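Note that ligands are numbered from 1 as they come in the structure, with each ligand's atoms numbered from 1 the same way. Note that the structure is a prediction, hence the values are computed from the model and not measured.
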Amino acid sequence: MKVPILLPNIFNHPFTYESDLNLKVGEYVVVPFGKSKITGVVWDEFEIKNNRKFKVKNVLKKLDVTPLKKTTIKFLNWFSIYNMIPKGMALKLVLLSSNAIESFQKDAYKNFEFDIKKNSIKLSYEQKKSLKKMNFSNQKFRVHVLQGTTGSGKTIVYFEALKDIINKGFQGLILLPEIGLTGQFKKKFLEFFGFTPAVWHSGISKKNKEIIWSGIANGEIKVIIGARSSLFLPFKKLGLIIVDEEHDQSYKQDEGVTYNARDMAISRASFENIPINLITAVPSVETYENIKKKKYSISRLEQRFQNASLPNYEVINLNETKLEKQSWLSKKIIDKVNSHLNKNDQVLFFLNRRGFSPHVLCKKCFNSYSCPNCSINLVYHKNKNILLCHYCGFKTSLKRECIKDGDCEYIFSGPGVERISEEVKMKFPQKKIEIFSSDTMNKKDSISKLEKIINNEVQILVGTQLISKGFHFPSLNCIVVVDIDLSSQGHDLRAAEKNLQLYHQLSGRAGRTGKPATVYFQTYNTNTKMISDLTNSNPDIFLDKELDIRRKNKLPPFQRFISIILTGDNEAALEKEAFKFKTFIEDKVIGKILGPVSAPIFRLKKMYRIRLLIRGPKTLKLQNSLAIIIPNYKFQPGIKLSVDVDPINFN
Ligand SMILES: [Zn+2]
Ligand SMILES: [Zn+2]
């Protein structure tokens, strides 16, 4: 018989093979492809109108793996259309390095043995009420939002919901935005369930991945805690998906195959017809709109643990105090911090900028240090004594021959966390200080560093936004936002939302154990209304306003955006091509084309970048119209096109 086999490659259709194995949809097979052998899956339909004449080859063998479910195949077909990704690339997300893993001996899974033990954790009245609402109509697809202030015990509520599902014989998936979180999270999980969950992210070993992949396919493993990519595991009997921190924009995969894991989790739940829970302190604008429309149900937790109150806010107007030269901390803030330190409070200085200085120039020739591959300044990292491009990884040393004479001499303009940490060291020489950024916390010793912070052996932290991600530091009761910068909202439609989330998450780190806590904002910005909006304890007010703005301006979630980026190494040719391409698609696409304009980072990794933004209705018609036109356009050699549906970052 003839069978359609989808292969994990760039093709958007299955290939036809011959086999007498009586194959069924979803089964994994090995087939010859070109000169190699490749793993594929029996797909649910043949390629339409295949007129090519070639000999149909035979399937080599069938693999002993639980077949991919038909509902999962339907999800992948939809995923490919929605995100404008070839079907083969969608399948590639499911397979493990383009392979399917056959089952191991039973004891390979013993580390993940599922054995729920009794715990002594008791739910509060509010938590119980919330759980009841969450478990309502738990047998089929529905989206429920659990909204609760940071520290209100949301995790325990959805753990209970998950326990229920596992006890019924289903598998569960918990998506987390940051892998840095999984350490503290795993501990919490173990305390509650009494067994270790399988953790899935790009950093785990190949062997572990094989065991987990096969254990999910054969049903031996019950729970996955994972990053974005875990959404594509071949679950045998998935019964519940939980998206923790659903508002977190790192759910968006920006490079390669682009998709939003939160949104795709919702659609996978819909195809599998299972419930999904979105967990957040402040919902994303998209989710908020769906709550308002009553598409999603919601329950709320308003009390914090041990009745801790949310931190107070205080704005420190930098126009009223004079900062010393090469200093970023006002006298007023030093006094405030001292009084916190005297009470044994831990203090965090927050600045969302890695390294020492974001802009280095020569005081003789005034030339900046910028990246040779990207149109962006190099950041000076003093600890490593290098200048670094945060986009392409280009590195260079400070030494440069000056066009005037001798070597360049440097001016360091503006601070990063390293520089603030130097100033903090000078002002508080007796205290133990630690920098908390991806440069310092993604290393082997980061677990012991975390322990020290939790035990208050570190009195002062200087951190980037990494610290806003769900860490629990019991003594942290004072946060200083070194420079709240609300001005850079030019090209990013989500800037206001991003700020709301960042400062809400950040202040949620403080005052978690009942002591009074304060967040101080140093700013030159006299628009303090903006700050009070951001810090309002009722974020709905902000979200309502934001929805109004989005509605009026025809922005997501009311319309769909698709971003098309053209890249090429010849600036003039690229520009010409972008206009030609626009004219070509203009009257065929169901939507309005904005641009072409140079991307904010015009040059990245040696390539120039021009962006077209297409705005249209929220139906697949928009994607379909583009999918028909784009292949008919022949790009000049060297010009590449990439598509991003529902873009989040507009770099
Ligand atoms: Zn670069
Ligand atoms: Zn110079």
Working for ring pair (Phe, Tyr, Trp, His ring centres under 6.0 Å), residues Phe581 and Phe635: CA-CA 8 Å; Phe581 178 68; Phe635 283 99; 5.1 Å; yes
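A salt bridge links Arg550 with Glu546; the closest basic N to acidic carboxylate O contact falls under 4.0 Å. Look at Glu577 and Lys634 and you find no salt bridge, because none of the NZ, NE, NH1 or NH2 atoms lies under 4.0 Å from a carboxylate O. Using a 4.0 Å cut-off between a side-chain N of Lys or Arg and a carboxylate O of Asp or Glu, Arg262 and Glu246 qualify as a salt bridge. Comment: Arg400 does not engage Asp407 in a salt bridge, judged by the lack of any side-chain N to carboxylate O separation of less than 4.0 angstrom. Lys382 has a carboxylate O that lies under 4.0 Å from a charged side-chain N of Glu422, or vice versa, which qualifies the two as a salt bridge.
Considering the Zn ion (ligand 1) as centre, the angle to SG of Cys392 and to SG of Cys389 is 110° (10° rounding).
Around the Zn ion (ligand 2), the protein atoms of type N, O or S found under 2.8 Å away are Cys362 SG, Cys365 SG, Cys402 SG, Cys408 SG, listed by chain and number.
Not a single N, O or S atom of His390, from either the backbone or the side chain, sits less than 2.8 Å from the Zn ion (ligand 1).
When side chains are defined from C-beta on, Glu497 does not count as touching Tyr288, because their heavy atoms never get closer than 4.5 Å.
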